Asks: 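Before I ask anything, here is the structure I am working with.
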There are 2 protein chains.
Amino acid sequence: MERTGDDPTTAAGRSEIGYRPLYRQVYDKLLKRLADAVWQPGQMLPSEGQLAVELGVSQGTVRKALDALTADSLLIRRQGRGTFVAEHDDQQSVFRFFKLRPDRAGAGMPTSRVITMTETSPNADERENLDLLRTAQVVRIERLRYLDGRLCIAETISVPAVLFPGFARMEIPNTLYSLYATRFGITIATANERLKAISLDARQAQLLETSTGTAALEIDRIAVDLEDRPVEWRLSICLTQLLHYNSLLR
Amino acid sequence: MERTGDDPTTAAGRSEIGYRPLYRQVYDKLLKRLADAVWQPGQMLPSEGQLAVELGVSQGTVRKALDALTADSLLIRRQGRGTFVAEHDDQQSVFRFFKLRPDRAGAGMPTSRVITMTETSPNADERENLDLLRTAQVVRIERLRYLDGRLCIAETISVPAVLFPGFARMEIPNTLYSLYATRFGITIATANERLKAISLDARQAQLLETSTGTAALEIDRIAVDLEDRPVEWRLSICLTQLLHYNSLLR
DNA sequence: TAGTGGTCTAGACCACCGA
DNA sequence: CGGTGGTCTAGACCACTAC
């Protein structure tokens, strides 16, 4: 099943011509450095002027590339201080990919408890969603998550083992994506989520300490890195009696 | 919307506590014209150069304001042709606010059938979500929606009657938001959706021609206009056996 | 060919931050 | 204070569209 990243109406043909604006080339060069972890998360980049000299373009062109990277949440710019590689382990960034909120109060940080963690051969879903060969291995995590102390999510997380060496024997922190970035040099750029309403089967109900047939929200997420490779597949089952999934359309 | 924040400073030249960039003032001026429907949807704006002369700023400053309006989906710019007021009745814009997709195929246009349409006093939810006084009136629509010919949504739509004079006696098209724009001068800028999984009660099940207790997706949407006023509340009950709600996180 | 938006440059000045 | 990003300008040239 082909997964459409965006509206089906955006299938309009591209010019096909090999014209690439200068600022776009600068964007790609800087993106490559970020992907190669030349600059670490939190680190300050050279100033606009220095980059301009180094790359042999005007400061305005560098600026346009930096602004684009900032719009893509890869950089953070602060007037008077400098340009920094975005850190994905602060509170703000956690909620970038976590859209569940309590109905009434503001959300505290979600917490987690790992149930199982194994390195194994991928099943059919994992092969398809992570674009894997049959001979590849995956690391698969099952865990429960809590919001404001209340059990609300059971999820299965699968990643290609080759991209995460030693992952299966690690202590798993609450914020996975910062671990991906700091330990494996993998930055999650975007994630595509597909939501459905389901009735819990017996196993799911037991995990979530509720009764079979309860309505729950299923979130099927594929996360991709800076080079648009799928690097994580996550299937979350969420109880939404006291929570909701928040989506802002603009 | 990021650009219509709660900046307390006014457009008055230079105040010492708040600083308002020139391009931001231009943005606001142009936004006002869009809100006042000085330029109609689909219409071409004057060129950058003409606007620059008229407003007494440089072309680059106009450009920055136009780019910001384009980023907010209010304008569409086409190289070699001009800058146009975004039309919200073409296929692209429909899917901007409609995130349900068939699991397997690409989505055709959704269709609708109105069940009831009344003008009445608001209930407590409507008063709260639309920020209404007890004496106000609302227009309330119940309808069913179909995707690829299949019944999948039952929804209730409520709008303040004062903003939509004569609405209750109109023929209702499939794409409501284009009607809002063309007949009432109201442009939907953003919408906030809250999703939950629910079990259908008897009435909902009957409407959707399925059985009581079926799991379904409830979408609670508040849509706001260019001035950030809530102008529509919509509660949709969606069957997701063959559909999913698509959400792209970046 | 004329007119549009898109890119690129160079330089001036402003607002903000930290030492 | 010096250094950073943010704004603003003026002008040149490029790519695209319509006629």
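Just so we're on the same page: letters track the sequence lines, and every chain starts at 1. None of these values were measured; they are calculated from a predicted model.
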Asks: Can you find a side chain N or O atom of Ser58(A) that sits less than 4.0 Å from OP1 or OP2 on dC8(C)?
Replies: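 So the side-chain polar atoms of Ser58(A) never come under 4.0 Å of the phosphate oxygens OP1 or OP2 of dC8(C).
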
Asks: Roughly, in whole Å, what's the span from CG in Leu22(A) to P in dA10(C)?
Replies: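 Rounded to the whole Å, the gap is 11 Å.
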
Asks: I need the minimum non-hydrogen distance between Ile219(B) and Cys238(B), along with the two atoms involved.
Replies: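 Answer, listing the atom of Ile219(B) first, then Cys238(B): CD1-SG, 3.8 Å.
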
Asks: Separation of Gln79(A) atom CD from dC8(D) atom P, in whole Å?
Replies: 12 Å

Asks: Let me test you: for the helix from dT1(C)-dA18(D) to dG18(C)-dC1(D), what is the angle between the axes at its two ends (five pairs each), rounded to 10 degrees?
Replies: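 Overall, the helix from dT1(C)-dA18(D) to dG18(C)-dC1(D) bends by 10° from one end axis to the other.
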
Asks: Strictly below 4.0 Å: does Arg63(B) bring a side-chain N or O up to OP1 or OP2 of dG6(C)?
Replies: yes

Asks: Of all the choices, dC8(D), dG5(D), dT4(C), which nucleotide is nearest to the side chain of Thr83(A) once you look at every atom?
Replies: dG5(D)

Asks: Which part of the nucleic acid, if any, lies within contact of Arg78(B), taking any heavy atom under 4.0 Å across all strands shown: a base, the sugar-phosphate backbone alone, or nothing?
Replies: sugar-phosphate

Asks: Measure CG/Leu45(A) against P/dG3(D) and give the value in whole Å, please.
Replies: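 In whole Å, dG3(D) P and Leu45(A) CG are 19 Å from each other.
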
Asks: Look at Glu48(B) together with Arg77(B) and state whether they make a salt bridge at an N to O cut-off of under 4.0 Å.
Replies: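 Here Glu48(B) pairs with Arg77(B) in a salt bridge, since their nearest N and O are under 4.0 Å apart.
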
Asks: Is there a donor and acceptor pair closer than 3.5 Å between the side chain of Arg77(B) and the base of dG6(C)?
Replies: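 Check fails, no donor-acceptor contact within cut-off.
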
Asks: Taking for each residue the nucleotide of DNA chain C with the nearest heavy atom, is it Gly80(A) or Gln25(A) whose nucleotide lies nearer the 5' end?
Replies: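 The 5'-side residue here is Gln25(A).
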
Asks: Roughly, in whole Å, what's the span from CG in Asp67(A) to C1' in dG5(D)?
Replies: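 One finds 10 Å between C1' of dG5(D) and CG of Asp67(A), rounded.
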
Asks: Do Tyr23(A) and Asp67(A) have side-chain N/O donor and acceptor atoms under 3.5 Å apart?
Replies: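 No.
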
Asks: Ignoring backbone atoms, establish whether Tyr19(B) has a side-chain N or O less than 4.0 Å from OP1 or OP2 of dA15(C).
Replies: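 It does not, given that no N or O in the side chain of Tyr19(B) lies less than 4.0 Å from OP1 or OP2 of dA15(C).
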
Asks: Over how many whole Å does the gap from Ile76(B) atom CD1 to dT17(D) atom P extend?
Replies: 15 Å

Asks: Any donor-acceptor pair under 3.5 Å linking the side-chain atoms of Ser247(A) with those of Glu193(B)?
Replies: no

Asks: I'd like to know if the side chain of Arg250(B) pairs up with that of Thr190(A) as donor and acceptor (distance under 3.5 Å, no hydrogens or angles considered).
Replies: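 No, no side-chain donor-acceptor pair sits under 3.5 Å.
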
Asks: Using a cut-off of strictly less than 4.0 Å, decide whether Arg81(B) has a side-chain nitrogen or oxygen near OP1 or OP2 of dC16(D).
Replies: no

Asks: How many Å lie between CD on Glu48(A) and P on dG11(C), as a whole number?
Replies: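 For the pair Glu48(A) CD and dG11(C) P, the rounded distance is 16 Å.
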
Asks: Is Thr61(B) near enough to dT7(D) that one of its side-chain N or O atoms lies under 4.0 angstrom from OP1 or OP2?
Replies: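 Looking at the OP1 and OP2 atoms of dT7(D), neither is under 4.0 Å from any side-chain N or O of Thr61(B).
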
Asks: Test side chain to side chain contact (heavy atoms under 4.5 Å, CB included) on Phe98(A) and Met109(A); report intermediate values, then the result.
Replies: CA-CA 10 Å; Phe98(A) 187 80; Met109(A) 291 288 281; over 6 Å; no

Asks: Atom CD of Gln59(B) to atom C1' of dT7(C): distance rounded to whole Å?
Replies: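 Spelled out: CD on Gln59(B) to C1' on dT7(C) is 12 Å.
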
Asks: Quick one: Arg24(A) CZ to dC8(C) P, roughly how many Å, whole number?
Replies: 12 Å

Asks: Does a side chain donor of either Tyr177(A) or Glu232(A) reach within less than 3.5 Å of an acceptor in the other side chain?
Replies: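 The criterion, which ignores hydrogens and geometry beyond distance, is satisfied for Glu232(A) and Tyr177(A).
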
Asks: Against Leu51(A), only a single residue in Val62(A), Val26(A), Thr61(A), Val57(A) fulfils side chain to side chain contact (heavy atoms under 4.5 Å, CB included); can you say which?
Replies: Val62(A)

Asks: In terms of side-chain heavy atoms of Ser47(B), which of dG5(C), dT4(D), dT7(C) is nearest?
Replies: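 Nearest to the side-chain atoms of Ser47(B), counting from C-beta on, is dG5(C).
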
Asks: Between dC8(C) and Lys64(A), is there an OP1 or OP2 to side-chain N/O distance shorter than 4.0 Å?
Replies: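 No, because none of the side-chain N or O atoms of Lys64(A) sits under 4.0 Å from OP1 or OP2 of dC8(C).
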
